[in-house]
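Reviewing the structure listed below.
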Amino acid sequence: MLKNLNQSWHFSHQELPFYFLDLLAHRSISNKVAEHYDVVHQSPQLLLIKNGKCVYNKTHEEISSEDVAGFLEKLK
């Protein structure tokens, strides 16, 4: 999933800062992220955070850069 997303990702870090977290290897961080953003942790998972809140949450086959672009257009 990460490889596929990397190939289609067309956002710069300046326009959409992104971070990869290996939460399977760091379960305690995974639990804190899930609790803080009120999401159920799944892997792979993409969260978009705006003003400290999770405004977008997709997992597995739902993750696509095109879907992210469409969602961001709606926020404008």
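Predicted model only: the values in this text are computed from it and were never measured.
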| ring-ring contact (aromatic ring centres under 6.0 Å, His included) contacts touching residues 19-47 (sequence neighbours left out) | His13-Tyr19
| side-chain contact (heavy atoms from CB on, under 4.5 Å) with Glu61: which residues, sequence neighbours excluded? | none
| query | Can you name the salt bridge (charged side-chain N to carboxylate O under 4.0 Å, His left out) partners of Glu35, sequence neighbours left out? | reply | none
| field | Inter-residue atom distance Lys58.NZ - Ile63.CD1, 0.5 Å rounding | value | 10.0 Å
| task | Just jot down the side-chain contact (heavy atoms from CB on, under 4.5 Å) partners of Val68, sequence neighbours excluded, or say none. | result | Trp9, Phe11, Leu16, Leu46, Leu48, Tyr56, Leu72
| Going by heavy atoms in the side chains, are Leu47 and Val39 under 4.5 Å from each other? | yes
| field | Residue list, side-chain hydrogen bond (donor to acceptor under 3.5 Å, both in side chains) with Gln14, at least two apart or on another chain | value | none
| side-chain contact (heavy atoms from CB on, under 4.5 Å) between Thr59 and Asn57, worked out | CA-CA 7 Å; Thr59 66; Asn57 175 13; 4.2 Å; yes
| query | For the atom pair CZ (Phe18) and OG (Ser12), what is the distance rounded to the nearest 0.5 Å? | reply | 8.0 Å
| task | Identify, with sequence neighbours excluded, every residue that meets side-chain hydrogen bond (donor to acceptor under 3.5 Å, both in side chains) alongside Ser28. | result | none
| So, for Ser65 and Ser8, which heavy atoms are closest and what is the spacing to 0.1 Å? | OG-O, 2.9 Å
| field | Atom pair SG (Cys54) and CD (Gln45), whose distance is rounded to the nearest 0.5 Å | value | 7.5 Å
| field | Separation between CG of Asp22 and OG of Ser43, rounded to the nearest 0.5 Å | value | 7.5 Å
| Within 6.0 angstrom of Asp38 CG, more than 12 heavy atoms from elsewhere | no
| query | Of all heavy-atom pairs between His60 and Gln42, which one has the smallest distance, and what is that distance? | reply | CE1-OE1, 3.5 Å
